[in-house]
Structure formats: structure tokens, C-alpha cells
S.K.: 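Shown below is the structure under consideration.
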Amino acid sequence: MLDKKLLIKSPDIVKKNLLTRGYIFNDDFWNNLEQERKIAQVNLETNQENLNKLSKEISKVKDDETLIEQASLLSSLVKQDKEILQSIQNKIEEFLLDIPNLIHDSVPVGEDETFNEVIEEVGDIPNFSFDPLDHSFFIEKSDEGRGAKIAKSRFSALSGDLAKLHRVLGQFMMDIHTNDHGYEELYVPYLINKTSLIGTGQLPKFEDDLFKLNGNTDLYLTPTAEVPVTNLHRDEIFKAEQLPIKYVCHSPCFRSEAGSYGKDTKGLIRQHQFDKVELVKICHPDASEDEHLKLIEDACKILELLELPYRKVILSSGDTGFSATKTVDLEVWFPSQNTYREISSCSNFSDFQSRRTNLKFKADKGNKFCHTLNGSGLAVGRTLAAILENYQTEEKSFSYPKILNKYL
RNA sequence: GGAGAGGUGGCUGAGUGGUUGAAAGCGCUCCCCUGCUAAGGGAGUAUGUGGUAAUCCCGCAUCGAGGGUUCGAAUCCCUCCCUCUCCGCCA
């Protein structure tokens, strides 16, 4: 949610900014709505004030027929005014919830992912003396179609070494982030309500991407731990010295993957269910750019310890997600595809989610909205896939990163 | 799932139709006094929002959430959510 005051004061700035992500801000619609709101609100509050005064009169005089009659009339007027204002405010709310976050100055402008910019490449791309196999070769050997049998396509059942490697990877990442990077570990619900999803920006716009539970409930399967973790402190006010808050959470994630038919159908790249270790920060607005850099480093560290070649990519304005002001993706090398694939997405949401979740801190002059950040540290399934690809041997087998020895 | 109790400001806790946005206490902030690891006195201390650019001023809203009754609701009625106790069930 954007700052209403900014929308009122400088709609042109907002419009220009949002255009860089291909969003057309309807300023005429907004201005009219805001005008209407102002008139309706002043009208209601004036009538309410008069009614309150009258009621006080009545309480002093008691049983004054004419006064009560007057008040009765005014009361019905106030009731009408309330309905009018409410309907305008509903429209405003609906409109505001649909507007994406502003793009940060440092983000390259461009309409789609072709304008993304590689910041840095780290690690040496492996040189195989044979044609590297797609990681799905190993997955399929383990799964044998059973994930699809017991659930449906885009689900995998891993066994033996792969299942163990998968478990160990999650644990390894958690250990690094809690022990070396100072994040507090969380365990959270995997079913989350609508309010939480609105808070982080998945709803109302992206309902199709989610699995919703049937029955008399507003619960959804969590698409990322970002949702429960960021919402953990909803409607809370921090002391300035409590910030930054740093959380890490290992959780399964569920996504409908609507609209990705035919894409990455094999292997672990695009599943309805996958595990992810998520880093979430809540911080002072002045600190968010710095905290973003550190968060990216924390995620990179995992790739480096696993000795996987990767690159950092800053997303262009057009490719940056709805809630983010700036996003840096980490992409890991996939030899079979001869390309880098996303394994982590680290975003700064500025105060966008804080406004939606009412997440504040005590500042010198009143309470201010915090900034929120998050990033994968890392997606576990994709990490497993990357290891299978980069550590494969000519004998159609694979080895492990040294750092995992103590776990295996 | 059954039966009962309850949700009030940072916390404890009064308040069952009319200056109650809310007593009192604790905590916190500032001032005074005193002078030594403390005590006493005074003042202040919710949030959101509108009029406005404003941290002043004035108004409106908020006592779990949403409706209703009423001139007027923290107080009465309805629905929902949550917490606690006992029973049942269960990992």
C-alpha cells in the first residue's frame, strides 16, 4: 500500500514511477474519489458533531420532545452519511490494494526481464568431459512417477540419498543463518488466513497463484514463509532499538503455478510443493538498503559454502514483483541447461508491506512504518537440483559439497 | 465436540444506558525538593483520522470484530473471532 498523502500531494510522481513497471495509475479516478471522500467525511463529521452536542443537551434537560425529535432526524441523516462514506472508502481501499509498490531509484528501468542486469558472477562454471545430465534424471530415478501418483503432477516423492540430502540441506542452511548470521529461528503455521496474505501483497490480486482450503474457512496453504513471518508482528509497535528484527524460517511452500503449463515440467525446478529457508527482516527505514545488501550476502554465503557457481541479478522495473521496491535475484548455474536459474529472490519492500500490516516503530515524532525485507536463503529443492547437476560424475552418479560431510 | 467464564489504554484493573477516551494502581517522561546506591511532592503519559502544510488548535472514530436497538452504547440485543476452566477425544 502506498502512502495516501503522497498520492494526494504528488500523483504525477507516483504515476511516472509506476509507469516504469508498466502500471498505469489512474489519477483522474483517484482525484475524483478523494474529492468525494473529503466532502462525504466533512459532511458526516459535522452532522455527527451536532448530534453529539444535541445528545448532551438531552441528557441535561431530559425528556424534551422537540429536542429528541430533532436529534432523531439528525441521527438518521448521520446514518445515511456513514453509508455514503463507507462505500467511498471501500472503493478507495480496493483501488489502493491493487497499486504496486514504487520502484527504487537504483533499479534499472525496462519493461521486462531482458532489462535485468547482472551485477556479479561468482564461482567457476564446471567443465565436464561428458554431456551433463539434467538433474531430473536423478529425481525421476528416485520418484518413478510416484509423486504424481499420490498427489498429482508437479509433486515429487524422494527416497534414500536424495531424501536425506534434501533434509540435510535445509538443516545446513538453518544452522548457518542462526549460528553465523544472527537470525532467530521460527516455526510457524503453514495455513494462513486472508488478512495475512493481504498484508504481504499476495491478495487480493494474485489469488490464482494460491491453494485455498475448501470448506467454511478463509485459510490458504502458505506460498512462502514470508507471509506468516512478516505478519507475525502485524499491528505491533516496536521500540526503535529493537530493530532490526532478523528471522529465519524453514517451511514448505505451496503454489498453484497457474499459467506455467509446460514450463519446467521435469525435476524440482517448479513444483506445487517445495521447501524454502526464508530470511525476513523488519528494520528502520534508513537502514533498509544496507540490510538488503547484508541479506543478499547471507543468502550468497550458502551458495559459496556449497561451492555452487552463481550470479547476482538486479531485476528491472518491469520484472520487479508487485510488493517490492527493489529485487536482487541469485541465480545458480545449471550445466544441463547451460544457464543460470533463479534460486533466491531478495527484496526490499520499503514500507509497502508495513502499511498493509500496520507494522510500526516508535520514532521521535510519533510512530512510523518499518521497512520489511526478505529473501530465500535458499530454495531447498532448487539447491538440491543444482547440487545434482554441478556435482554429477561420468558414471551417472553425484558427489556432495564438502561442507555437508558432517551432516552425511 | 459438550458445559461454563471472559475479552477495557504499555501492564493490572474499575466501570451495566448520558461530561467515561474511559477511575485507581503500576510502569514510563519531565519538573521541584532532598542529597547519596532511596524516599517525597507536582505535571504529563493511547491510536487512527479529518479540517490544514503543521509535532499547536478544533472535530470525528476507536473499550476483541461486525451488525442492531436508542436522541445517546464500554454498558442492552444478534453474529463471528479469540482466551481461560472442566469434560470428551487425541499426537
Side-chain angles (χ1 to χ4, degrees), chain A residues 1-14 30-97 187-199 203 213 215-220 228 231-243 245 252 285 351-370:
Chain A
M1 188 110 73
L2 298 182
D3 181 4
K4 253 187 255 183
K5 290 231 166 75
L6 181 71
L7 290 182
I8 291 166
K9 232 168 32 185
S10 347
D12 41 323
I13 293 176
V14 172
W30 164 251
N31 287 333
N32 288 336
L33 211 53
E34 176 53 24
Q35 281 290 319
E36 274 185 60
R37 190 229 89 225
K38 191 182 276 193
I39 293 163
Q41 185 163 344
V42 170
N43 189 38
L44 162 68
E45 289 183 3
T46 314
N47 284 336
Q48 183 68 255
E49 183 181 357
N50 291 333
L51 176 60
N52 289 348
K53 282 179 182 161
L54 252 181
S55 291
K56 255 175 201 169
E57 273 306 298
I58 292 169
S59 76
K60 282 179 202 152
V61 186
K62 296 276 183 199
D63 299 330
D64 184 321
E65 295 281 332
T66 44
L67 274 188
I68 290 178
E69 203 171 309
Q70 241 178 35
S72 183
L73 235 95
L74 198 48
S75 176
S76 62
L77 211 61
V78 164
K79 198 176 168 185
Q80 274 178 33
D81 292 343
K82 273 184 189 164
E83 279 167 19
I84 291 167
L85 180 63
Q86 189 61 56
S87 87
I88 295 170
Q89 272 170 340
N90 289 346
K91 278 188 214 161
I92 288 179
E93 181 81 355
E94 198 184 323
F95 179 67
L96 290 180
L97 283 177
Y187 172 77
V188 297
Y190 304 143
L191 301 184
I192 45 189
N193 59 36
K194 204 168 186 163
T195 311
S196 299
L197 286 156
I198 289 172
L203 289 180
L213 262 63
N216 187 21
T217 169
D218 71 342
L219 293 172
Y220 296 74
N231 276 279
L232 203 66
H233 294 289
R234 191 169 66 220
D235 295 319
E236 290 183 24
I237 301 166
F238 291 102
K239 290 176 190 145
E241 60 267 26
Q242 285 178 281
L243 303 177
I245 308 266
D351 60 2
F352 188 83
Q353 293 180 327
S354 292
R355 286 179 191 282
R356 289 174 165 240
T357 52
N358 193 24
L359 197 55
K360 297 184 170 177
F361 69 97
K362 274 197 193 303
D364 294 338
K365 298 170 184 176
N367 300 330
K368 295 268 168 61
F369 288 108
C370 303

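Letters go in sequence order (proteins before strands), and every chain restarts at 1. Because only heavy atoms are used, hydrogens play no part in the values below, and waters and symmetry mates are left out as well, while side chains stay in.
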S.K.: Taking 4.0 Å as the cut-off, does a side-chain nitrogen or oxygen of A:Q48 come that near to OP1 or OP2 on B:G59?
M.R.: no

S.K.: Nearest heavy atom decides the nucleotide; on that basis, is A:N358 or A:N50 closer to the 5' end of RNA chain B?
M.R.: A:N358

S.K.: Do the side-chain N or O atoms of A:N52 get closer than 4.0 angstrom to the phosphate oxygens (OP1, OP2) of B:U19?
M.R.: no

S.K.: Say whether, by atom type as modelled, one donor and one acceptor occur between the side chain of A:S75 and the main chain of A:A71 under 3.5 angstrom.
M.R.: no

S.K.: With both distances under 3.5 angstrom, what nucleotide forms a Watson-Crick or G-U wobble pair with B:A91?
M.R.: none

S.K.: Charged N to carboxylate O under 4.0 angstrom, A:R37 versus A:E34?
M.R.: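 Counted as a salt bridge, because a side-chain N and a carboxylate O are separated by less than 4.0 Å.
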
S.K.: Roughly how many Å apart are B:U70 and B:C31, using the C1' atom of each and rounding to a whole number?
M.R.: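 The same atom, C1', in both gives a distance of 47 Å.
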
S.K.: Phosphate oxygens OP1/OP2 of B:G48: is one of them under 4.0 Å from a side-chain N or O of A:K360?
M.R.: yes

S.K.: Quick one: do A:E49 and A:K53 make a salt bridge, cutoff under 4.0 Å?
M.R.: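 Yes, this pair counts.
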
S.K.: A:L85 CG to B:U62 P: how many Å, rounded?
M.R.: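 Taking CG of A:L85 and P of B:U62, I get 13 Å after rounding.
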
S.K.: With both distances kept under 3.5 Å, what pairs with B:G10, Watson-Crick or G-U wobble?
M.R.: B:C26

S.K.: Considering only atom C1', compute the distance from B:U20 to B:A74 and round it to an integer number of Å.
M.R.: 9 Å

S.K.: Roughly how far apart, to the nearest Å, are B:G10 and B:C84 at atom C1'?
M.R.: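 Between the two C1' atoms, the distance is 22 Å.
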
S.K.: Side chain of A:K79, heavy atoms from C-beta onward: which of B:U47, B:G72, B:G68 has the nearest atom to it?
M.R.: B:G68

S.K.: Of all the nucleotides listed (B:G18, B:C71, B:G50), which has the minimum atom distance to the side chain of A:Q41?
M.R.: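 Nearest to the side-chain atoms of A:Q41, counting from C-beta on, is B:G50.
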
S.K.: When both hydrogen-bonding distances must be under 3.5 Å and the geometry is Watson-Crick or G-U wobble, what is B:U83 paired with, if anything?
M.R.: B:A5

S.K.: Could you tell me the separation between the CG atom of A:D235 and the P atom of B:C82, rounded to a whole number of Å?
M.R.: 16 Å

S.K.: In whole angstrom, what separates A:I68's CD1 from B:G17's C1'?
M.R.: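 From A:I68 CD1 to B:G17 C1': 13 Å.
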
S.K.: For B:U69, what is the paired nucleotide under Watson-Crick or G-U wobble rules, both distances under 3.5 Å?
M.R.: none

S.K.: Can you work out whether A:L51 or A:K82 has the more 5'-proximal nearest nucleotide on RNA chain B?
M.R.: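 Its nucleotide being nearer the 5' end, the pick is A:K82.
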
S.K.: Please give, in whole Å, the distance from B:G64 C1' to A:R234 CZ?
M.R.: 14 Å

S.K.: Using the P atoms only, state how far B:G67 lies from B:U62, rounded to an integer number of Å.
M.R.: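 Their P atoms lie roughly 11 Å apart.
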
S.K.: Would you say A:Q35 has more than 12 foreign heavy atoms packed within less than 6.0 Å of its CD?
M.R.: no

S.K.: Classify the side-chain pair A:D235/A:N358 by whether it contains a donor and acceptor separated by less than 3.5 Å.
M.R.: yes

S.K.: Considering only the C1' atoms, how many Å lie between B:G15 and B:A53, rounded to the nearest integer?
M.R.: 41 Å

S.K.: Say you pick atom C1' in B:A23 and the same atom in B:C80; how far apart are they, in whole Å?
M.R.: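 These two C1' atoms come out 31 Å apart once rounded.
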
S.K.: For the pair made of CD in A:Q89 and C1' in B:A61, what is the distance, rounded to whole Å?
M.R.: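 Interatomic distance, CD of A:Q89 to C1' of B:A61: 11 Å.
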
S.K.: Could you check whether A:L73 gets within reach of a base, just the sugar-phosphate, or nothing at all, counting any heavy atom under 4.0 Å?
M.R.: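 The residue A:L73 makes no contact with any strand.
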
S.K.: Searching all strands shown, indicate the nucleotide that pairs with B:C57 (Watson-Crick or G-U wobble; both distances under 3.5 Å).
M.R.: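 Its partner is B:G51.
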
S.K.: Measure CG/A:N90 against C1'/B:G66 and give the value in whole Å, please.
M.R.: 13 Å

S.K.: So which nucleotide does B:C63 pair with, by the Watson-Crick or G-U wobble rule with both distances under 3.5 Å?
M.R.: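 Paired with B:C63, as far as the under-3.5 Å criterion goes, is no nucleotide at all.
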
S.K.: Check the side chains of A:N90 and A:S87 for a donor-acceptor pair under 3.5 angstrom, ignoring hydrogens and angles.
M.R.: no

S.K.: B:G51, OP1 or OP2 - any side-chain N/O from A:K38 closer than 4.0 Å?
M.R.: yes

S.K.: Which base sits across from B:C33 as a Watson-Crick or G-U pair, both distances under 3.5 Å?
M.R.: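 Per the H-bond distance test, none.
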
S.K.: If we take the C1' atom in both B:A73 and B:G2, what is their distance in whole Å?
M.R.: 33 Å

S.K.: How long is the line joining NZ of A:K362 and C1' of B:G48, in whole Å?
M.R.: 14 Å

S.K.: Who does B:G17 pair with, Watson-Crick or G-U, both distances under 3.5 Å?
M.R.: none

S.K.: Heavy atoms only, 4.0 Å cut-off, all strands: where does A:I58 land among base, sugar-phosphate and nothing?
M.R.: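 Since a base atom lies under 4.0 Å of A:I58, the category is base.
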
S.K.: Identify whether any heavy atom of A:D64 sits under 4.0 Å from a base atom; if not, whether one sits that close to sugar-phosphate; answer base, sugar-phosphate or nothing.
M.R.: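 Contact class for A:D64: none.
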
S.K.: When you measure only distances, ignoring hydrogens and angles, does the side chain of A:E45 come within 3.5 Å of the base of B:G59 through a donor and an acceptor?
M.R.: yes

S.K.: With rounding to whole Å, what would you report as the distance between B:A5 and B:A24 at their P atoms?
M.R.: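 That atom pair is separated by 31 Å.
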
S.K.: Classify A:K60 by what it touches in the nucleic acid, base, sugar-phosphate, or nothing, heavy-atom distance under 4.0 Å.
M.R.: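 Contact class for A:K60: none.
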
S.K.: A:V42 has a side chain; which of B:G18, B:G51, B:U49 sits nearest to it?
M.R.: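 From the listed options, B:G51 comes nearest.
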
S.K.: Measure across A:C370 and A:L243 and return the closest heavy-atom pair with its distance rounded to 0.1 Å.
M.R.: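 Of all heavy-atom pairs spanning A:C370 and A:L243, the closest is SG-CD1, 4.2 Å.
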
S.K.: What's A:K239 touching, base or sugar-phosphate or nothing? Going by heavy atoms closer than 4.0 Å.
M.R.: nothing

S.K.: Would you kindly give the CG-to-P distance between A:D218 and B:C80, to the nearest whole Å?
M.R.: 15 Å

S.K.: Could you check whether the rings of A:W30 and A:F95 sit parallel, tilted or perpendicular, using 30° and 60° as the cut-offs?
M.R.: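 Rings of A:W30 and A:F95: parallel, under 30°.
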
S.K.: Looking at B:U70, I'd like to know if its phosphate oxygens (OP1 or OP2) sit under 4.0 Å from a side-chain N or O belonging to A:S75.
M.R.: no

